[in-house]
Amino acid sequence: MSIKKDGIMVILSSPSGAGKTTLVKLLSKNKDFNISISHTTREPRHNEVSDQDYYFVDHEKFEKLIKNEEFLEYAKVFDHLYGTTRTPVIEKLEKGQNVVFDIDWQGADLIKNKKLNYKLITFFVLPPSKKILFERLSNRDMKDKLIVEERMKEFGRDVLHWINYDYVVINDNIDKCYSKISNLIDAEINNGSKDYDKDYIRRHVEVLTS
Ligand code: 5GP
């Protein structure tokens with residue numbers, strides 16, 4: 001008789017622009033994680049694909065999903081609504097497939113507090129410095145300086161939530177950062193030893209917020 005093995009949930013959060021989307025894609029490609037596709041009321045960016053990067057919906061549709069209790073979690077982020085619908089996630093976990101979420105600290109808190117019967121590992125991704133974050137955000141939203149300024153301000157507030165995550169990783173090099181995450185996931189699954197220095201992270205956060 002085979003023992004049914006549920007999938008695991010991995011949450012990646014970060015202040016905007018820390019490179020988390022690339023890390024999520026690498027987890028999907030290399031470790032066979034299903035990416036949870038969120039619903040959002042914000043407009044698509046020029047490089048985004050509908051129903052692949054997000055389900056882009058209007059307010060009315062989003063409110064309807066809230067009313068029908070379809071969300072596992074949802075939150076308001078930068079004046080827009082973002083949410084994860086429950087059914088696709090649970091279906092995958094039940095089939096033994098792993099799911100990775102690219103959601104903010106509010107969503108991470110909400111999922112954590114649900115205490116679902118699936119293993120959950122949470123990561124907070126930080127940029128190496130405020131200067132590099134500013135450069136990354138400027139390259140992405142070059143046309144809109146206001147968005148960059150707004151997200152830099154938000155960064156100072158977001159970063160304070162690092163303490164609620166299982167692990168915090170610094171994205172100074174995408175391959176190194178990915179392999180850190182991958183090793184920590186493997187160690188969590190196999191109860192192996194973890195290469196993780198929380199004091200180092202604490203000092204890094206102090207520099208970022210000074
Ligand atoms: P962006 O607009 O840059 O794609 O995302 C803005 C923020 O919303 C990011 O921090 C992203 O992780 C977060 N986000 C995306 N989808 C969801 C979701 O379904 N729920 C929550 N709580 N946050 C989300």
Side-chain angles (χ1 to χ4, degrees), residues 9-28 33-59 61-66 68-90 92-93 99-114 116 120-127 133-162 164-165 168-169 171 177 181:
M9 302 189 284
V10 166
I11 294 179
L12 256 66
S13 301
S14 76
S16 200
K20 156 195 56 160
T21 310
T22 313
L23 293 165
V24 165
K25 287 187 176 150
L26 282 171
L27 273 176
S28 150
F33 269 80
N34 289 273
I35 302 174
S36 165
I37 304 171
S38 298
H39 284 70
T40 182
T41 57
R42 88 149 158 74
E43 292 293 316
R45 296 194 184 107
H46 71 278
N47 58 340
E48 285 179 325
V49 181
S50 182
D51 299 352
Q52 190 176 306
D53 292 302
Y54 280 106
Y55 298 114
F56 295 99
V57 294
D58 58 20
H59 254 265
K61 166 89 182 164
F62 202 98
E63 294 292 342
K64 205 166 164 189
L65 290 167
I66 296 176
N68 293 344
E69 297 184 359
E70 294 201 38
F71 285 120
L72 185 60
E73 63 76 32
Y74 69 91
K76 194 171 183 189
V77 190
F78 311 120
D79 292 335
H80 300 292
L81 292 165
Y82 295 81
T84 310
T85 43
R86 181 193 322 266
T87 309
V89 173
I90 302 296
K92 290 189 182 84
L93 294 170
V99 182
V100 58
F101 304 81
D102 171 346
I103 60 177
D104 82 329
W105 63 269
Q106 304 172 81
D109 273 359
L110 288 165
I111 291 187
K112 218 164 96 178
N113 291 338
K114 289 239 149 96
L116 301 171
L120 169 67
I121 314 170
T122 60
F123 291 91
F124 197 63
V125 185
L126 287 178
L133 177 71
F134 183 79
E135 284 163 12
R136 284 181 189 165
L137 287 173
S138 303
N139 287 338
R140 193 169 73 186
D141 285 317
M142 205 140 49
K143 273 187 257 122
D144 205 331
K145 262 186 86 178
L146 262 178
I147 290 183
V148 177
E149 277 169 26
E150 185 191 309
R151 295 207 164 182
M152 283 304 290
K153 268 193 223 147
E154 197 74 34
F155 168 75
R157 293 192 283 269
D158 277 357
V159 87
L160 303 175
H161 297 279
W162 73 279
N164 295 328
Y165 285 76
V168 179
V169 289
N171 184 11
C177 185
I181 292 173

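Throughout, residue positions are numbered sequentially from 1 according to the sequence presented. Being a predicted model, the structure only gives us computed values, none of them experimental. For ligands, and for the atoms within them, numbers begin at 1 and follow the listed sequence.
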Original post:
With only distance considered, is H39 within less than 3.5 Å of ligand 1 through an N or O on each side?
Top reply: no
Subject >> Least distance between heavy atoms, A18 atom then L126 atom >> reply: CB-C, 4.2 Å
Original post:
Do the rings of H39 and F71 sit parallel, tilted or perpendicular, given the 30° and 60° boundaries?
Top reply: perpendicular
Subject >> ligand 1 atoms in contact with A75 (distance to a heavy atom under 4.0 Å) >> reply: 22 (N)
Subject >> Sub-4.0 Å atoms of ligand 1 with respect to non-hydrogen atoms of G107 >> reply: 22 (N)
Subject >> Residue that, paired with S138, satisfies side-chain contact (heavy atoms from CB on, under 4.5 Å) out of I147, V148, L133 >> reply: V148
Original post:
Which one of I111, V10, I37 satisfies the side-chain contact (heavy atoms from CB on, under 4.5 Å) criterion with F101?
Top reply: I111
**OP:** State the CZ-CG distance between F123 and L12, to the nearest 0.5 angstrom.
**Re:** 7.0 Å
Original post:
Is any N or O atom of R151, backbone or side chain, closer than 3.5 Å to an N or O atom of ligand 1?
Top reply: yes
Original post:
Is any N or O atom of D102, backbone or side chain, closer than 3.5 Å to an N or O atom of ligand 1?
Top reply: yes
Original post:
So which heavy atom in the protein is nearest atom 20 (N) of ligand 1, and how far is it from that ligand atom?
Top reply: E73 OE2, 2.7 Å
Original post:
Out of F71, Y55, Y54, whose heavy atom is nearest to atom 5 (O) of ligand 1?
Top reply: Y54
Original post:
What distance do I66 atom CD1 and E63 atom CD have between them, rounded to the nearest 0.5 Å?
Top reply: 4.5 Å
**OP:** State whether the shortest distance between N or O atoms of K20 and N or O atoms of ligand 1 falls below 3.5 angstrom.
**Re:** yes
**OP:** Starting at CG of D102, measure out to OG of S14 and round the result to the nearest 0.5 Å.
**Re:** 7.0 Å
Original post:
Does any N/O atom on G83 come nearer than 3.5 Å to any N/O atom on ligand 1?
Top reply: yes
Original post:
Are any of the heavy atoms in R42 under 4.0 Å away from ligand 1?
Top reply: yes
Subject >> Atom pair CG/CD of L65 and E70 - distance to nearest 0.5 Å >> reply: 5.0 Å
Subject >> Nearest candidate to atom 6 (C) of ligand 1, where distance is taken over non-hydrogen atoms, out of W105, F101, Y82 >> reply: Y82
Original post:
Who's closest to atom 16 (N) of ligand 1 heavy-atom-wise, of S38, A108, S13?
Top reply: S38
Subject >> Carboxylate-amine/guanidinium contact E150 K153, below 4.0 Å >> reply: no
Original post:
So which protein heavy atom does atom 7 (C) of ligand 1 come closest to, and at what separation?
Top reply: V77 CG1, 3.8 Å
**OP:** Name the option, out of E154, E48, R45, K76, that contains the heavy atom nearest to atom 3 (O) of ligand 1.
**Re:** R45
Original post:
How far is atom 22 (N) of ligand 1 from its nearest protein heavy atom, and which residue and atom is that?
Top reply: D104 OD1, 2.8 Å
Original post:
With respect to E73, which candidate in N113, T85, T84 satisfies the side chain to side chain donor-acceptor pair (under 3.5 Å) definition?
Top reply: T84
